[in-house]
Structures are given as C-alpha cells and as structure tokens.
There are 2 protein chains.
Amino acid sequence: MKQPGSSTSERMLETAGRLFADRAFDSVSTREIAAAAEVNLSAISYHFHNKEGLYRAVFEKIVRDLKPVRVSLALILENQLAAASDDRNAYAETVTLFVSRLVDSAISPVTRWRMRLIKREIEMPTDCFQIIMEGHINVIHDLLGILISKISGESPTTENVRLEAMSILAICLQYALNEEMVKARMGWSDIGPGEIEGIKIAMAEMVLRSLNLGDYIDRVRIE
Amino acid sequence: MKQPGSSTSERMLETAGRLFADRAFDSVSTREIAAAAEVNLSAISYHFHNKEGLYRAVFEKIVRDLKPVRVSLALILENQLAAASDDRNAYAETVTLFVSRLVDSAISPVTRWRMRLIKREIEMPTDCFQIIMEGHINVIHDLLGILISKISGESPTTENVRLEAMSILAICLQYALNEEMVKARMGWSDIGPGEIEGIKIAMAEMVLRSLNLGDYIDRVRIE
DNA sequence: AGACCAAGTTCAAACGATTGACCCAGTAAA
DNA sequence: TTTACTGGGTCAATCGTTTGAACTTGGTCT
C-alpha cells in the first residue's frame with residue numbers, strides 16, 4: 001500500500017533502492033520497480049529519464065540521507081578536540097564512542113540497505129562510485145584518519161594512517177555487510193540488539209588494542 | 001585464441017568465472033560466455049545443463065582450486081604447534097606469516113577473481129553460498145580461530161575468538177576485494193608488489209597489536 | 001584393412017519470453 | 001495552463017533454452 005505522506009518520486013527512490021540493494025542492477029526490471037512502488041512504468045522516464053538515472057538518483061539520495069551519520073561522527077571528534085587534548089584515557093573513550101557509532105550506523109535497519117548498496121558500488125564500481133566516494137566515504141575515512149593521527153602522532157596523510165583507517169572501517173562495517181556469513185559463522189539466526197552489543201564491545205576492544213590503547217579498555221564503558 | 005591444453009568445459013569454467021567475477025549473474029549472458037570461451041552456445045546446456053549449473057560448477061572448481069591456500073595456512077599452524085609451544089615471540093612470527101600469506105592469497109593475480117566471486121556470494125548469497133562456506137571459508141576461519149585461541153588462552157569456540165577471527169580476515173582481505181576504493185583512498189594507480197609489501201607490514205603490525213603481541217613487532221621480519 | 005555404427009561433442013538456427021525505452025491520449029490538482 | 005502523473009500500447013533488442021543436424025571418435029564386424 002502506498003505511503004500517504006510520500007511523493008511519487010520519493011516512493012520510487014526508496015523502493016528502487018531496496019530492490020537494487022537486494023539484487024543487481026540488471027536483475028531488477030523497471031516493471032518490477034514500478035509495481036513495487038505502486039507507480040506507473042512511465043514515471044521512471046518522467047522523473048529520472050532512465051533506469052540509470054533512477055539508479056544515480058538513489059545514490060544521490062543516499063548521500064543526503066546519510067548526512068546525520070557524517071555529522072554524528074564529526075561531532076564525536078569535535079568534542080574530543082575541544083576537551084582534554086592529549087589525555088590517552090580520553091582518546092580511548094573517543095575511539096570507543098566512534099566505533100560504537102560506526103557499528104550502529106551500518107547495522108541499523110534504517111541504513112542497512114543503503115550500506116549494502118554502497119558496498120556493491122565499491123566492489124563493482126559504476127558511474128555512481130564517484131558520487132558515494134566524494135559524498136560519504138571520503139568524509140568518514142578522513143575523520144577516522146584525523147583521530148588516528150591524533151593518537152599515534154603521525155600525520156593524517158601518512159600511508160600507514162590511511163591503511164589503519166581503512167582497516168578499522170572494514171572491521172566495524174563487516175557485520176552489516178557480510179550478514180549471512182556472520183550468522184553462519186556465529187550460529188546466530190539473526191543479528192539483533194543483543195548481538196550488536198557484543199559486536200560493539202569486541203570491536204571497540206580490538207580497535208583500542210590496535211591503536212596501542214589496550215590498557216584503557218577496562219576504564220571505558222559503552223553507553 | 002583457444003588454450004590448446006584445456007578442454008571445452010575447463011575453458012568454459014575459467015572464462016565464465018572471470019566474467020561472473022566482473023559482473024553480476026544476470027548481467028553476463030550465456031552468449032557472451034560462449035563467445036569468450038570460444039565455445040558453442042549449446043555447450044552450456046550440454047555440459048552444465050543450465051546457466052545456473054555452470055555458475056555452481058564454477059564455485060565447485062574454485063573450492064578445488066583454492067585447496068593449496070587452505071593447505072598452506074594449515075601448515076603454518078602445524079609448524080607452530082610442533083615447535084615452541086608457548087613462546088610469545090614464536091606466536092608473533094606465526095601470526096606475521098599467517099597474515100602475510102592471507103594477503104597474498106587474496107591479492108595474487110591467480111586467485112583475485114576467485115576471491116571476488118566468493119565475496120559476492122557472501123554479500124548476495126545464492127545456492128552456492130553453502131558450497132563456498134563449507135568448502136573454503138569455514139576451514140580458514142577455524143584455522144585462524146585456533147591460532148587466536150592459542151595466543152589468548154580462550155577456547156576457539158568462544159564468541160570473542162570467532163569475532164576476532166572474522167575481523168582479522170576482513171582487514172587482510174579488504175585490499176583485494178575493495179580494490180577501487182583502496183586505490184582511490186591511497187592515491188595508487190595500481191596495487192603492485194610494492195604496495196602489497198606495505199599492506200602486509202601494516203596489517204601484520206595491526207593484527208599483532210590487536211592480539212596483544214605489539215611488543216614483538218620489531219623482532220619480526222616479513223620474508 | 002576397410003566398412004560400419006553408436007556415443008560423445010559441437011554446430012547453426014530458431015523458440016517464446018522478457019527487457020528498457022518510447023509514445024500518446026487522458027486525468028486530476030494547483 | 002502548467003505540472004504531475006496514469007494507462008495502455010508498441011518497438012527492437014536481447015535473454016535462456018531447445019532443436020536437430022553435423023561432425024568426431026573409438027570400437028566392432030566382415
């Protein structure tokens with residue numbers, strides 16, 4: 001049934017996004033999108049010119065939708081920089097919070113299909129790769145790079161810092177993106193709130209140790 | 001031109017595998033596969049019954065092809081267990097070797113397209129998910145779990161050990177699987193031998209620190 | 001040795017179904 | 001009148017699969 005508050009194009013973007021997240025571009029037909037969005041087939045060419053145009057519009061909307069995630073992560077850093085400047089215990093808290101927020105942002109039901117779509121674009125890039133890279137990924141990577149450079153003392157442009165940032169992101173986001181494998185390996189039937197809590201703690205500890213902040217693990221709580 | 005030594009079905013499996021690794025199942029047409037493998041279109045239904053049958057056969061072959069990887073990683077562990085049993089310096093060496101071999105196994109030109117195909121099946125599972133899970137992934141995850149449990153003292157069946165094993169694999173394999181993003185973030189035009197060397201060192205150090213073996217980093221060389 | 005045959009394999013051609021795109025007349029609200 | 005659609009239809013292109021004939025091969029019979 002149609003969502004009453006949403007316009008036709010918004011409904012199309014949402015529905016098409018979910019379908020594209022589940023299956024590949026070519027596997028989703030325009031007729032299926034139109035039917036699922038309860039929209040006429042012609043609406044695609046009317047609003048987005050093309051199937052490709054619709055696909056691109058989905059990504060542009062994703063970048064807009066994920067702005068709260070970018071802002072939220074930026075604020076964590078900002079607060080840290082404003083507070084105790086070189087306290088390693090404070091760094092540990094910042095890292096813990098950052099990791100917790102990252103896991104949440106990937107695994108939350110609101111953002112999950114968007115993250116899967118982004119992941120697909122990273123693995124099999126199309127024209128939309130640049131959109132998502134410039135609009136979202138670079139921002140988050142840079143933020144994490146700044147945090148790491150503060151802790152390690154290296155410049156954020158260092159090759160090492162960039163590699164570590166990518167690695168931390170990889171382990172924080174893997175649970176949302178490799179859902180079926182995680183469930184198979186962990187023997188979980190679903191990744192619910194309880195499992196997410198466990199993931200957060202394990203990841204925060206692992207990241208802290210990898211940043212030489214392992215001594216501060218017990219002093220930090222995940223709220 | 002046709003490879004002289006390879007049979008029709010072997011050529012089809014190799015060619016189809018590469019095509020499926022590049023693009024989604026539905027995006028690769030049977031005609032394209034046949035043309036690329038220099039094989040008649042009907043050869044697909046003759047040898048594999050179906051397009052799906054060909055896809056499945058590709059995965060069964062991948063599991064067979066990757067046996068050397070599994071054996072190689074198992075040998076590293078076996079040698080460790082045979083040698084000094086509780087020497088943390090030896091553990092650090094084992095971990096370093098294990099990580100180095102993991103990175104190699106993912107990024108080597110021989111295995112790269114196979115890894116990408118596996119990754120796709122993990123993200124968007126089909127009937128072949130089980131094949132690759134039981135035939136390859138479970139083996140490697142279990143091996144890494146054993147190594148971690150030796151080092152940490154926890155049981156290999158612990159939730160924590162399994163989560164750490166998944167994370168270590170995620171960061172070791174990300175470079176091969178997110179090639180375009182890595183190049184974009186690192187400013188590399190290609191991931192060559194020099195870059196791989198840097199990745200190996202950074203990853204080994206990171207994994208060592210995350211396993212509380214950070215003190216042994218400088219004593220370990222990557223050969 | 002030469003004729004023969006059946007199984008295994010490859011071939012060109014065609015099948016029905018589905019695809020994305022396009023078109024245009026009609027409608028309802030602003 | 002303009003904007004935002006709906007509904008129905010057509011189009012060429014491409015899809016996975018099937019068909020039946022042709023070719024290749026190895027063994028058997030005369």
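Just so it is clear: chains get the letters A, B, ... in the order the sequence lines come, proteins before strands, and each one is counted from 1. This one's a predicted model, so the numbers in the text were calculated from it and none came from an experiment.
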[X] near the nucleic acid: base, sugar-phosphate alone, or nothing, with a heavy-atom cut-off under 4.0 Å?
{"X": "A:D26", "value": "nothing"}
{"X": "B:S45", "value": "base"}
{"X": "A:A43", "value": "sugar-phosphate"}
{"X": "A:T8", "value": "sugar-phosphate"}

Can you identify which nucleotide, out of [options], has its nearest atom closest to the [X] side chain?
{"X": "B:K51", "options": "D:dG16, C:dC11, C:dG8", "answer": "D:dG16"}
{"X": "A:L41", "options": "C:dA12, D:dG9, C:dA13", "answer": "D:dG9"}
{"X": "B:N40", "options": "D:dC5, C:dC11, C:dG20", "answer": "C:dC11"}
{"X": "B:S42", "options": "C:dC11, C:dT10, D:dT6", "answer": "C:dC11"}
{"X": "A:S29", "options": "D:dT6, D:dG16, C:dG20", "answer": "C:dG20"}
{"X": "A:R31", "options": "D:dC5, C:dT19, C:dT10", "answer": "C:dT19"}
{"X": "B:Y46", "options": "C:dT9, D:dG16, D:dC5", "answer": "C:dT9"}

>> Looking at A:E14 and A:R18, is any side-chain nitrogen of the basic one under 4.0 Å from a carboxylate oxygen of the acidic one?
In response: yes
>> Whether A:K183 and A:E180 form a salt bridge (side-chain N of Lys/Arg under 4.0 Å from carboxylate O of Asp/Glu) is what I want to check.
In response: yes
Round to a whole Å and report the spacing from [atom1] of [X] to [atom2] of [N].
{"X": "B:R23", "N": "D:dT14", "atom1": "CZ", "atom2": "P", "value": "14 Å"}
{"X": "A:Y55", "N": "C:dG20", "atom1": "OH", "atom2": "P", "value": "14 Å"}
{"X": "B:I44", "N": "C:dT9", "atom1": "CD1", "atom2": "P", "value": "16 Å"}
{"X": "A:L54", "N": "C:dG20", "atom1": "CG", "atom2": "P", "value": "11 Å"}
{"X": "A:R11", "N": "D:dT6", "atom1": "CZ", "atom2": "P", "value": "7 Å"}
{"X": "A:I33", "N": "C:dT19", "atom1": "CD1", "atom2": "C1'", "value": "12 Å"}
{"X": "A:H49", "N": "C:dA21", "atom1": "NE2", "atom2": "P", "value": "8 Å"}
{"X": "A:H47", "N": "C:dC22", "atom1": "NE2", "atom2": "P", "value": "16 Å"}

> Is there a donor in the side chain of A:S167 and an acceptor in the side chain of B:Q174, or the other way round, less than 3.5 Å apart?
Replying inline: yes
> Will you find, in the side chains of B:S42 and B:N40, an N or O donor that is under 3.5 Å from an N or O acceptor?
Replying inline: yes
> Given the rule in the side-chain contact (heavy atoms from CB on, under 4.5 Å) test, do A:Y55 and A:C128 qualify, once you have shown the distances and angles that lead to the verdict?
Replying inline: CA-CA 8 Å; A:Y55 191 71; A:C128 297; 3.7 Å; yes
> Between D:dT17 and B:N50, is there an OP1 or OP2 to side-chain N/O distance shorter than 4.0 Å?
Replying inline: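 So the side-chain polar atoms of B:N50 do come within 4.0 Å of the phosphate oxygens OP1 or OP2 of D:dT17, strictly under.
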